[in-house]
Amino acid sequence: MRPAESKEWLQCIACAAKYPIFEARYFCECGNLLALERTLGALSQIEPKQFDSRLGGRSVLQQSGVWRFREGVLTIEDKYIVSHPEGGTHLYRRSHLSQWAGIDELYFKHEGENPTGSFKDRGITVAISQAMAIDVPAVACASTGNTSASLAAYAAQAGKKAVVFVPEGKISVAKMVQTLAYGALCLKVEGDFDVAMRLVREACQKMGLYLLNSVNPFRIEGQKTIAWELLQDLGWDAPDWIALPAGNLGNTSALGKALKEAFEAGWISKLPRLAAIQASTANPFFLSYRQAFATRPRVKAETIASAIRIGDPVSFDKAKAAILYTRGVVSEVTDAELLLAKREIDRAGIGCEPASACSLAGARKLRESGTIRSSDRVACVLTGNLMKDPDAVLAPIEGVPGAEDQVIAVKADLDSVAKALEGRL
Ligand code: F0G
């Protein structure tokens, strides 16, 4: 079938060249990124209530918060779909966090509740299903730890060999252990994430591995459902803002595409604005935004939020389009600011990993500067689970208190217990 005749195809975001979806390809001949596109009007024929009617269903595909939206994700035969299932994450409100941020109607979409503990599962289920459909021998990615864990789990389920490229000594032990436990082969690359990313791209091209980083357009199709499920949680009454952490920029791209498609299909009557938040010492997207995207800076990234320690994000062009389309903003927060926000989220009983807390730290900062108003409805995406980075909890970091003083050694008698509790209850 020629691409023009099929319902879905890959299309260059710069020169609009088209390729069939069964080609294992991530870039156009001209070197730019590819996106999955579908026949004009395909989504406007769907009513959101069709998606709503699947809620509460018992089949794996109905339970999946990705495949529940399958008409807008990927046309694929059921036999190829590898689903945990994933998605179906909760949307939280906590008055204490609203007060802390100065935003009355503040929501948290907790993507750390996905099966492997991060939002990556939503993209990986789609990309690995596509890997089954085109029958690749093995899958690979570069990762700061969450993509690798997700890829490893889904590859295990699919019976595919998995190879992950991680920056040596730069990912949390919990993520590394999780990736190994699911059985992936782990290449510790001498260098940072950006070096590992360049290496995996070359390796995939030369060695027939199928690349599952977010340059893979099928990843983006899955991750769009973060926004769609959030809109569904809100009864398709769109919020004013969606704030999210930004690293390699796949997620910013995905949320932008999701909102554009939902708006153009008439599923929502108002377009939310994206607020992409970077760590101030890993901030190439923010630097570019500040110059109205006139240049594309690359930085040597360093931040406590290891998930987003990225200086040369691959999905830059798509993310830029997402910010421009949604009249979004890009902001930055210091390590101390994101750790303080994490502490608030943790102590609200919700919890998240450091990178995720950028969303709240950023929303609070944008509220303080007047970009976000206190009456705006704001949804923060929490991208990863608290257990992903235990080191960020115990010791004080950047002047933000840790939890060490909550641990008191006691003798096994009541006197010691009474002494330990004195003045603390
Ligand atoms: N939050 C968490 C917890 C992440 O793991 C990542 C990215 C991001 C935010 C940023 O998302 O890259 O789409 O802008 N983690 C990747 C990984 C790089 O390898 O796990 P992005």
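Counting convention: from 1, in listed order, for ligands and their atoms alike. Here the structure is a predicted model, which is why all the values come from computation and not from measurement.
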K.L.:
Which residue from N248, T147, I171 reaches closest to atom 12 (O) of ligand 1 through any of its heavy atoms?
P.N.:
N248
K.L.:
Given that the side chain starts at C-beta and the backbone is N, CA, C, O, which of these parts of I308 lies under 4.0 Å from ligand 1, counting heavy atoms, or is it both or neither?
P.N.:
side chain
K.L.:
For residues E353 and N146, is any side-chain donor paired with an opposing acceptor at under 3.5 Å?
P.N.:
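Checked: E353/N146 side chains pair up, N/O donor to acceptor below 3.5 Å.
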K.L.:
Kindly confirm or rule out an N or O of G384 lying under 3.5 angstrom from an N or O of ligand 1.
P.N.:
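In fact, backbone or side chain, G384 has no N or O that close.
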K.L.:
Does the side chain of T281 pick up a donor-acceptor pair with the side chain of E302 at under 3.5 Å?
P.N.:
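No pair is found: no donor N or O on one side chain lies under 3.5 Å from an acceptor on the other.
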K.L.:
With a cut-off of 4.0 Å, which atoms of ligand 1 are near a heavy atom of G250?
P.N.:
13 (O), 14 (O), 21 (P)
K.L.:
Run down the list I220, I310, N146 and name the one with the heavy atom closest to atom 3 (C) of ligand 1.
P.N.:
N146
K.L.:
If I apply the N/O under 3.5 Å rule, does T383 come out as touching ligand 1?
P.N.:
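Among all N and O atoms of T383, at least one is under 3.5 Å from an N or O of ligand 1.
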K.L.:
Could you list the atoms of ligand 1 found under 4.0 angstrom from a heavy atom of S143?
P.N.:
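Every atom of ligand 1 under 4.0 Å from some heavy atom of S143: 17 (C), 19 (O), 20 (O).
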K.L.:
At what distance is the nearest protein heavy atom to atom 11 (O) of ligand 1, and which residue and atom is it?
P.N.:
F119 CZ, 3.5 Å
K.L.:
May I have the step-by-step check of ring-ring contact (aromatic ring centres under 6.0 Å, His included) for F285 and F293, ending in yes or no?
P.N.:
CA-CA 8 Å; F285 195 46; F293 295 118; 5.7 Å; yes
K.L.:
Which of the numbered atoms in ligand 1 are under 4.0 angstrom from any heavy atom belonging to E353?
P.N.:
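Listed by number with element: 3 (C).
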K.L.:
Are S214 and ligand 1 in contact, using a heavy-atom cut-off of under 4.0 Å?
P.N.:
no
K.L.:
Have N114 and E86 got a donor and an acceptor in their side chains that come within less than 3.5 Å?
P.N.:
no
K.L.:
Is the closest basic N to carboxylate O distance between K109 and E229 below 4.0 Å?
P.N.:
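Looking at E229 together with K109, the answer is yes, because their closest N to O distance falls below 4.0 Å.
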K.L.:
State whether the number of non-hydrogen atoms from other residues, nucleotides or ligands found under 6.0 Å of Q291 atom CD is greater than 12.
P.N.:
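More than 12 heavy atoms, drawn from other residues, nucleotides or ligands, come within 6.0 Å of this atom.
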K.L.:
Using a 4.0 Å heavy-atom cut-off, say whether A246 meets ligand 1 through its side chain, its backbone, both or neither.
P.N.:
backbone
K.L.:
Regarding T116 and D121, is there a side-chain donor-to-acceptor distance under 3.5 Å anywhere?
P.N.:
yes
K.L.:
For ligand 1, is T144 a contact, meaning one of its heavy atoms is under 4.0 Å away?
P.N.:
yes
K.L.:
Would you say L249 has any N or O atom under 3.5 Å from an N or O of ligand 1, going by distance alone?
P.N.:
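Min N/O separation from ligand 1 is below 3.5 Å for L249.
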K.L.:
Test your reading of the structure: does N251 have an N or O sitting under 3.5 Å from an N or O of ligand 1?
P.N.:
yes
K.L.:
Answer yes when D376 and R367 have at least one side-chain N-carboxylate O distance shorter than 4.0 Å, and no when they do not.
P.N.:
no
K.L.:
Answer with yes or no after comparing the ring centroid distance for F218 and Y26 against a 6.0 Å cut-off, counting only values under it.
P.N.:
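No; Y26 has its ring centre 6.0 Å or more from that of F218.
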K.L.:
Just to confirm my output: which protein heavy-atom neighbour is closest to atom 4 (C) of ligand 1, and how far is it?
P.N.:
A307 CB, 3.5 Å
K.L.:
Could you tell me whether the side chains of W67 and T125 share a donor-acceptor contact shorter than 3.5 Å?
P.N.:
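Yes, side-chain donor-acceptor contact under 3.5 Å.
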K.L.:
Does an N or O anywhere in G247 fall below 3.5 Å from an N or O of ligand 1?
P.N.:
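Yes, there is a polar N/O contact under 3.5 Å.
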K.L.:
For residues Q223 and K257, is any side-chain donor paired with an opposing acceptor at under 3.5 Å?
P.N.:
no
K.L.:
Please state which part of K120 comes within less than 4.0 Å of ligand 1, counting heavy atoms only: side chain, backbone, both or neither.
P.N.:
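The answer is the side chain of K120.
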